[in-house]
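When a ligand or atom number is given, it counts from 1 through the structure's own listing order.
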Amino acid sequence: MNQLSFISFKGFYYTEEQVLKRSKDFYEFMDKRRSLRSFSDKPIDQRVIESIIMSASSAPSGAHKQPWFFSAVSSKKLKSKIKEAAEKEEYENYTGRMSDTWLKDLEPFETNFEKPFLEIAPWLIVVFKKPFDIENGEKKQNYYVNESVGIAVGFLLAAIQNAGLVALTHTPSPMNFLEKLLKRPPNERAYLLIPVGYPPDDALIPDIKRKNLKEVSDFL
Ligand SMILES: Cc1cc2nc3c(=O)[nH]c(=O)nc-3n(C[C@H](O)[C@H](O)[C@H](O)COP(=O)(O)O)c2cc1C
């Protein structure tokens, strides 16, 4: 195995007050993140999407395998094909594949099989996970793939929020149509479909409440 060399870590070294303030400020900022199901068609420079993807790809991963791939789609033709295929799967989901309990849980969100935002949002970021890599025709195992890709998507959503943009974490399952449409190699599985854009002027979002600190944590 190749040995790694070690380099000095450069931290930020804020004061305790700064640490407290920054932690609160970041929470308040992230708490403003919402999933949007409608988007403005205002274009976004590709360089913005590139930085957002690189933020995601800076995430930790099992044995530093970075078992992810991001296909960023702005082509109108491709977005239409994705919308058509996603709606086909979602139609099946809403009219038979989802359980009654699941449909009831979704009712307050007023979602249905139609996904016009997949054509309207300027970018669709399709996230793929890589259970294994192929190097010189050889299969190389990746580790904690779901955890690693989940963390990378968390970084991606935080980067989108930081840029002042909005997104939807979308799962028109099964999502193997994305592997075919985007011509991904056989070691990649579609993980999430994330439209990214500016919010439209008239965006409405469900008035959800989030769990409080006591409900999501304890301190021992
Ligand atoms: C893994 C995952 C899958 C999701 N899939 C969908 C989806 O297919 N369609 C949709 O409208 N929302 C989807 N959502 C969005 C959730 O409904 C949303 O995150 C939740 O209602 C909380 O709202 P918020 O993101 O505005 O805080 C998904 C979220 C996650 C994390």
Side-chain angles (χ1 to χ4, degrees), residues 26-40 52 55-56 59 67-71 73 79 82-121 123-129 131 144-179 181-182 188-200 202-213 215-217:
F26 189 66
Y27 158 56
E28 282 167 20
F29 174 69
M30 288 306 290
D31 198 36
K32 292 194 173 76
R33 183 209 54 80
R34 291 302 311 271
S35 294
L36 258 70
R37 296 175 180 87
S38 57
F39 292 80
S40 154
I52 285 169
S55 292
W68 46 66
F69 190 86
F70 303 89
S71 278
V73 180
K79 285 194 295 182
I82 291 173
K83 173 184 178 278
E84 193 188 329
E87 285 184 338
K88 208 165 149 203
E89 294 299 350
E90 289 287 61
Y91 181 81
E92 296 299 328
N93 290 334
Y94 279 87
T95 58
R97 282 201 295 234
M98 288 196 228
S99 66
D100 289 345
T101 321
W102 193 347
L103 287 171
K104 255 209 138 27
D105 277 342
L106 284 179
E107 247 171 43
F109 298 97
E110 296 182 13
T111 54
N112 61 34
F113 77 92
E114 288 173 310
K115 308 294 170 188
F117 54 79
L118 292 176
E119 272 177 335
I120 298 166
W123 289 94
L124 305 179
I125 300 181
V126 186
V127 185
F128 294 91
K129 67 175 181 183
Y144 296 111
V145 171
N146 275 322
E147 293 84 348
S148 301
V149 182
I151 294 168
V153 170
F155 278 36
L156 185 90
L157 296 177
I160 291 167
Q161 172 78 354
N162 181 61
L165 301 172
V166 292
L168 175 68
T169 315
H170 189 27
T171 39
S173 303
M175 295 194 287
N176 46 344
F177 66 88
L178 292 165
E179 295 150 26
L181 281 176
L182 302 175
E188 293 185 14
R189 306 277 171 276
Y191 185 83
L192 285 172
L193 168 55
I194 305 182
V196 183
Y198 288 95
D202 56 354
L204 286 178
I205 47 170
D207 186 13
I208 55 165
K209 300 281 171 279
R210 291 184 170 138
K211 292 177 181 175
N212 65 33
L213 185 64
E215 291 171 291
V216 299
S217 61

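- With hydrogens and angles left out, the side-chain atoms of Y191 and T171 include no donor and acceptor closer than 3.5 Å.
- Not counting sequence neighbours, the partners of D202 by the side chain to side chain contact (heavy atoms under 4.5 Å, CB included) test are P200.
- Checking N176 against E179 by side-chain atom types alone, no donor-acceptor pair falls below 3.5 Å.
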Show me the donor-acceptor pairs, under 3.5 Å and distance only, between side chains in residues 27-38 and residues at least two apart or in other chains.
unit_1 : atom_1 : unit_2 : atom_2 : d
D31    : OD1    : R210   : NH1    : 2.9
R34    : NH1    : P206   : O      : 3.1
R34    : NH2    : P206   : O      : 2.9

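- Legend: side-chain hydrogen bond (donor to acceptor under 3.5 Å, both in side chains) pairs involving residues 146-169, not counting sequence neighbours, sorted by first then second residue: K129-N146.
- Closer than 4.0 angstrom to ligand 1 lie heavy atoms from R33, R34, S35, R37, F109, T111, L168, T169, H170, T171, I208, R210.
- Between Y91 and F113, the ring planes lie perpendicular to each other; the angle is over 60°, past the 30° to 60° tilted range.
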